A.B. asks: 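The structure that follows is given in the form of structure tokens.
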Amino acid sequence: MSVSIKSSREIELMREAGRILAMVHEELGRALKPGMSTLDIDRLGERLIRSYGCSASFKNYNGYPASICVSVNDEVVHGIPNKHRILQEGDIVSLDAGVIYNGYHSDAARTYAIGKISPEAEQLIRVTRQCFYEGIKYAKAGNHLNDISSAIQKYAESFGYGVVRDLVGHGIGDHLHEDPEVPNFSQNRRGIRLRPGMTLAIEPMINMGRADVVWMDDDWTVVTDDGSLSAHYENTILITQGEPEILSLL
Ligand code: MF3
Ligand code: CO
């Protein structure tokens with residue numbers, strides 16, 4: 001396994017890919033409303049990505065048929081946009097998107113409330129976002145990968161939530177998925193040592209109930225086995241000499 005260290009030129013391109021993706025997510029978040037289909041979200045997302053001179057990382061990736069992954073309620077990740085799937089007040093929806101700018105990828109996900117949702121669902125969304133921040137407290141040169149993973153798990157489980165095991169974060173660069181894998185749960189080894197110039201997509205996927213997930217017949221959509229709600233929060237980050245830089249936030 002080899003984990004690449006990005007050059008300053010590569011980092012500049014990834015900063016731009018991240019900045020554009022952050023703007024796309026902000027605009028998508030503002031557009032969400034009851035009555036919209038998940039395909040409407042995909043269409044808008046693809047249009048926004050192209051308007052910034054980028055292409056959608058996910059489109060046709062391993063055959064994925066859309067630009068944005070739109071996962072509603074018990075759908076964990078990789079929901080396929082569909083014109084018949086209509087967002088309703090009380091739903092939670094996870095949007096996962098990636099852009100390619102001059103050959104370099106960024107990858108980020110957010111979970112949103114549609115109108116008014118239950119306090120329990122609000123907490124799930126908030127804790128999932130905080131899991132990311134708990135993890136990146138350890139995203140510093142000299143620490144090890146498992147420091148990030150175990151911090152995420154510890155925080156999520158302190159709320160009784162299930163940390164998805166079957167999907168993990170990843171290195172990112174001129175490919176969407178690079179080494180290393182970035183689990184959201186502790187491994188029995190400390191993992192690679194973090195070095196400046198590494199770029200990682202850290203993406204906690206957290207279930208209100210048990211951690212188990214299943215794949216639907218469309219071969220993409222991942223849902224919770226127990227039907228509980230699931231949330232996803234992801235950013236592309238850069239390891240530096242000091243604090244990590246979050247590339248996919250403005
Ligand atoms: N953030 C997801 C990931 O890192 C998005 C990939 S969806 C796919 O795996 F369609 F591109 F596969
Ligand atoms: Co990712």
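In listed order, ligands and their atoms are each counted from 1. What you see is a predicted model, and the numbers here were worked out from it, not measured in a lab.
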A.B. asks: Among the N/O/S atoms of Glu203, which is closest to the Co ion (ligand 2)? Give the atom name.
C.D. replies: OE2
A.B. asks: Need the ligand 1 atom indices (1-based, order shown) with element for anything under 4.0 Å from a heavy-atom of Tyr64.
C.D. replies: 10 (F)
A.B. asks: Answer with yes or no whether the side chains of Asp107 and His170 bring together a donor and an acceptor at under 3.5 Å.
C.D. replies: yes
A.B. asks: Is there a salt bridge (Lys or Arg N to Asp or Glu O under 4.0 Å) between Glu12 and Arg15 once you walk through the steps?
C.D. replies: CA-CA 5 Å; Glu12 270 317 310; Arg15 279 200 183 101; 2.5 Å; yes
A.B. asks: Report the name of the N/O/S atom of Glu234 located nearest to the Co ion (ligand 2).
C.D. replies: OE2
A.B. asks: Decide if the gap between the ring center of His144 and the ring center of Tyr138 is smaller than 6.0 angstrom.
C.D. replies: no
A.B. asks: Return the name of the atom in Asp107, of element N, O or S, nearest to the Co ion (ligand 2).
C.D. replies: OD2
A.B. asks: What are the atoms of ligand 1, with element, lying closer than 4.0 Å to any heavy atom of Trp220?
C.D. replies: 10 (F), 12 (F)
A.B. asks: Polar-atom distance check: Glu203 versus ligand 1, any N or O pair below 3.5 Å?
C.D. replies: yes
A.B. asks: More than 12 foreign heavy atoms under 6.0 Å from NZ of Lys154: is that the case here?
C.D. replies: no
A.B. asks: Can you tell me if Arg210 has over 12 outside heavy atoms packed within less than 6.0 Å of its CZ?
C.D. replies: yes
A.B. asks: Note the single closest protein heavy atom to atom 1 (N) of ligand 1, along with its residue, its atom name and the distance in Å.
C.D. replies: Asp96 OD2, 2.6 Å
A.B. asks: With a 4.5 Å limit on heavy-atom distance, are the side chains of Cys69 and Phe58 in contact?
C.D. replies: yes
A.B. asks: Closer than 4.0 Å to some heavy atom of Glu234 - which atoms of ligand 1 meet that?
C.D. replies: 1 (N)
A.B. asks: Could you walk me through whether Glu16 and Arg19 pass the salt bridge (Lys or Arg N to Asp or Glu O under 4.0 Å) test, one step at a time?
C.D. replies: CA-CA 5 Å; Glu16 187 60 8; Arg19 194 180 70 84; 3.0 Å; yes
A.B. asks: Indicate the atoms forming the closest heavy-atom contact of Pro65 with Trp220, along with that distance.
C.D. replies: CD-NE1, 4.1 Å
A.B. asks: In the protein, what heavy atom is nearest to atom 4 (O) of ligand 1, and what distance, to one decimal place, separates them?
C.D. replies: His170 NE2, 2.8 Å
A.B. asks: Please work out, at 4.0 Å between heavy atoms, whether the side chain, the backbone, both, or neither of Cys69 comes within that distance of ligand 1.
C.D. replies: side chain
A.B. asks: How far is atom 9 (O) of ligand 1 from the closest protein heavy atom, and which atom is that?
C.D. replies: His177 NE2, 2.9 Å
A.B. asks: Evaluate the criterion side chain to side chain donor-acceptor pair (under 3.5 Å) for residue pair His78 and Thr221; output intermediate values, then yes/no.
C.D. replies: CA-CA 5 Å; His78 302 170; Thr221 313; over 6 Å; no
A.B. asks: Taking 4.0 Å as the limit for heavy-atom contacts, which would you say applies to Phe58 with ligand 1: side chain only, backbone only, both, or neither?
C.D. replies: both
A.B. asks: Of all the atoms in His170, is at least one N, O or S atom closer to the Co ion (ligand 2) than 2.8 Å?
C.D. replies: yes
